[in-house]
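Below: the structure, in structure tokens.
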Amino acid sequence: ALLILQGVSCKKKNKKTAEKMFSPETLKCLVCQSLVDEINHAIDKVDPKKKIETGTFRINADGTQNRVVVPYARSETHLMEVVDTVCKNFEDYAQAKTKSSGKPTIIRITTHEGNMNPVMGQVDMVPD
């Protein structure tokens, strides 16, 4: 409700300022940085002891298979799962500017644990 009230009370001048602040280039950069953070967080959540067997299911002439056991966290299988699901995490992000410098940023509204982001007091939200 607070964001709606801010959006209603903003003057056109503020909207243009927000548009300039979040140019397509700036927004791409901020989203890319957050995407990397989200992927790294997903990788870090995996138990480092967890392994996965990779390779082909073909049987060689001698009856063996070319299979390798690798850490699951950075395996192709896990990274594909992460990339397929990471976009839903961006529903928890909002545009903002830092109070100290006025620089544009995008901020995760809640932490990965579901709590309010402690950095929220250091930014001013910018309506889309």
Taking a hydrophobic cluster as the set of Ile, Leu, Val, Met, Phe, Trp and Tyr residues connected by side-chain heavy atoms closer than 4.5 Å, whether directly or through intermediates, do [X] and [Y] fall within one such cluster?
X      : Y     : result
Val86  : Val31 : yes
Leu27  : Phe90 : yes
Val46  : Val68 : yes
Ile106 : Ile39 : yes
Ile43  : Leu35 : yes

Heavy-atom pair of closest approach, residues [X] and [Y]:
X      : Y      : result
Ala96  : Phe22  : O-CZ, 3.2 Å
Thr111 : Pro118 : CG2-CD, 3.9 Å
Thr54  : Val70  : CG2-CG2, 3.8 Å

Would you check if [X] and [Y] make a side-chain contact, meaning some heavy-atom pair closer than 4.5 Å?
X      : Y      : result
Gln122 : Lys99  : no
Val119 : Arg108 : no
Gln95  : Thr105 : no
Thr110 : Asp92  : yes

More than 12 foreign heavy atoms under 6.0 Å from [atom1] of [X]: is that the case here?
X     : atom1 : answer
Lys45 : NZ    : no
Lys51 : NZ    : yes
Arg58 : CZ    : no

Q: Start with the C-alpha gap between His41 and Asn89, add the side-chain angles, then the distance that decides, and say whether side chain to side chain contact (heavy atoms under 4.5 Å, CB included) holds.
A: CA-CA 11 Å; His41 181 268; Asn89 294 340; over 6 Å; no
Between [X] (side chain) and [Y] (backbone), is there a donor-acceptor pair under 3.5 Å?
X     : Y      : value
Thr64 : Asn60  : no
Ser75 : Tyr72  : yes
Thr98 : Val123 : no
Ser34 : Leu30  : yes

Q) Can you tell me if Glu38 and Tyr93 form a side-chain donor-acceptor pair at under 3.5 Å? A) yes
(Q) I'd like to know if Lys97 pairs up with Asp124 as an ion pair, taking the criterion as any Lys NZ or Arg NE/NH1/NH2 lying under 4.0 Å from an Asp or Glu carboxylate oxygen. (A) no
Q. Would Lys50 and His78 count as a side chain to side chain contact (heavy atoms under 4.5 Å, CB included) if you check the C-alpha gap in whole Å, the side-chain angles of each, and the deciding distance to 0.1 Å?
A. CA-CA 11 Å; Lys50 189 172 182 180; His78 182 241; over 6 Å; no
